[in-house]
There are 2 protein chains.
Amino acid sequence: MSSPAVSSRDLPHPACDEIRLEGVLHALSDPMRLRIVRELAGVTGELSCSDFDLPVTKSTTTHHFRVLRESGVIRQVYRGTAKMNGLRRDELDELFPGLMAALLDAAARQEASPGD
Amino acid sequence: MSSPAVSSRDLPHPACDEIRLEGVLHALSDPMRLRIVRELAGVTGELSCSDFDLPVTKSTTTHHFRVLRESGVIRQVYRGTAKMNGLRRDELDELFPGLMAALLDAAARQEASPGD
DNA sequence: GTCAAACTACGATGGTTCTCGTACTATGGA
DNA sequence: TCCATAGTACGAGAACCATCGTAGTTTGAC
């Protein structure tokens, strides 16, 4: 099969009412994590951890994905040996309307500015 | 006089092109600093450091204001013995359109939610 | 000149974070 | 069953951060 079933081992995610703005901002204040989120926002489906080519080791990558999940920014699920990641965009949009859009736009603008 | 002149001692502020999104997000990811920014956003003029009634010592307050200034979120100027603080709203709006509005709205929503 | 108010500088402390390496587990395929 | 792949757990190190207390500076008022 091309898409293995979701594994039984599942991961703890904060409920919507447990997501704190401060936690989200802290999660996104790290360049590596902001990069991950921007990449996730740019695709329609999910991406596995190994789809990202980050300049850090695998351990560190695991750490960053966990911070993003525990702050409520992404949702993670095991599928076969892979761990798939998706933005919790709908939930975040309901919780903090316009925030993700403004953040992603800000990140894009910063990247496009001559200061980089 | 009711409003002393601006003192000669002035403080270093980042130029607009030196303001980093990650730095702004980090600055706002602290509850004390988010509170300061919300309060500043709620008034028209400036507020002195001692206008805030924060549950930390004066040293710590100084620290938080410095983080906000160095990240580019606020502008500080001495006026007499007081240090006046103002949001760099116009500059931030030009740099990251809609971001401050979304952040302030998000903070307000979070405060209003039953989870608090 | 003296004094109080507002804020700073400095050092310390305890906690958190980013990073790594090594050893380990879970899954699916040969 | 054996192996390769994907990711984790754990411990460690270095850096950073929030907080405090004490001592100091700058300013304006008396």
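Side-chain atoms are counted along with the backbone in the values below, which use heavy atoms only and exclude waters and symmetry mates. The sequence lines fix the lettering, A, B, ..., with proteins before strands; numbering per chain opens at 1.
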For this session: Check the distance between D/dA15's P and B/H26's NE2 and give it to me in whole angstrom.
Result: 17 Å
For this session: For A/T60, report the nucleic acid contact type (base, sugar-phosphate, nothing); a contact means any heavy atom under 4.0 Å.
Result: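 Base, at least one base atom sits under 4.0 Å.
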Exercise. For the atom pair CZ (A/R35) and CD (B/E22), what is the distance rounded to the nearest 0.5 Å?
Worked result: 11.5 Å
Exercise. A/T61 near the nucleic acid: base, sugar-phosphate alone, or nothing, with a heavy-atom cut-off under 4.0 Å?
Worked result: nothing
For this session: Determine the contact category for A/S50: base if any of its heavy atoms lies under 4.0 Å from a base atom, sugar-phosphate if only primed atoms, P, OP1 or OP2 are that close, otherwise nothing.
Result: sugar-phosphate
Problem set entry | Atom pair distance, as rounded to whole Å: CZ in A/R79 and P in D/dG7 | 12 Å
For this session: Any chance you could lay out the side-chain hydrogen bond (donor to acceptor under 3.5 Å, both in side chains) test for B/N85 and B/E46, step after step, and finish with the verdict?
Result: CA-CA 5 Å; B/N85 304 277; B/E46 298 170 314; over 6 Å; no
Problem set entry | Nucleotide of C/dC18, D/dG7, C/dC20 approaching A/V67 most closely (side-chain heavy atoms) |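 Of all the options, the side chain of A/V67 is nearest to C/dC18.
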For this session: Specify the separation, in whole Å, of atom NZ of A/K58 and atom C1' of C/dT19.
Result: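 The distance from NZ of A/K58 to C1' of C/dT19 comes to 16 Å, rounded to the nearest Å.
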Problem set entry | Value rounded to 0.5 Å, distance of CD1 in A/I36 from CZ in A/R38 |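 Interatomic distance, A/I36 CD1 to A/R38 CZ, rounded to 0.5 Å: 13.0 Å.
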For this session: Please state how far atom CZ in A/R35 lies from atom P in C/dC18, giving the value in whole angstrom units.
Result: 16 Å
Exercise. When you measure from the side chain of B/D30, which nucleotide among D/dG7, C/dC18, D/dA18 comes out closest?
Worked result: D/dA18
Problem set entry | Contact under 4.0 Å: A/R33 side-chain N or O vs C/dC18 OP1/OP2 |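 Yes, within the criterion.
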Problem set entry | Pair of N/O donor and acceptor under 3.5 Å linking C/dG28 base with A/T81 side chain | no
Exercise. Base, sugar-phosphate, or nothing for A/H64, non-hydrogen atoms under 4.0 angstrom?
Worked result: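 Contact class for A/H64: sugar-phosphate only.
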For this session: Answer yes or no: are there more than 12 heavy-atom neighbours, outside B/E18 itself, under 6.0 Å from its atom CD?
Result: yes
Exercise. Under 3.5 Å, is there a donor-acceptor pair linking the side chains of B/T57 and B/T60?
Worked result: yes
Problem set entry | Listed nucleotide nearest any side-chain atom of A/S59, set D/dA9, D/dC20, D/dA6 |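 When the side chain of A/S59 is considered, D/dA9 is the closest of D/dA9, D/dC20, D/dA6.
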Exercise. Rounded to the Å, how far apart are A/D10 CG and C/dT27 P?
Worked result: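 The distance from CG of A/D10 to P of C/dT27 comes to 12 Å, rounded to the nearest Å.
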For this session: On DNA chain D, check which nucleotide each of A/N85 and B/T57 is closest to and give me the residue with the more 5' one.
Result: A/N85
Problem set entry | Protein-nucleotide distance (B/F65, atom CZ; C/dA9, atom C1'), rounded to Å |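 About 18 Å, once rounded to whole Å.
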Exercise. Between D/dA6, D/dC20, C/dA6, which nucleotide gets closest to the side-chain atoms of A/A82?
Worked result: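 Looking only at heavy atoms from C-beta outward on A/A82, the closest nucleotide is D/dA6.
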Exercise. Rounded to whole angstrom units, what separation is found between the CG atom of A/L25 and the P atom of D/dC17?
Worked result: 16 Å
For this session: Round to the nearest Å and state the distance from A/L28 atom CG to C/dT17 atom C1'.
Result: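 Atom CG in A/L28 sits about 16 Å away from atom C1' in C/dT17.
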For this session: May I ask you to verify if any side-chain N or O of B/R66 is less than 4.0 angstrom from the OP1 or OP2 atom of C/dA9?
Result: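 Yes, because at least one side-chain N or O of B/R66 sits under 4.0 Å from OP1 or OP2 of C/dA9.
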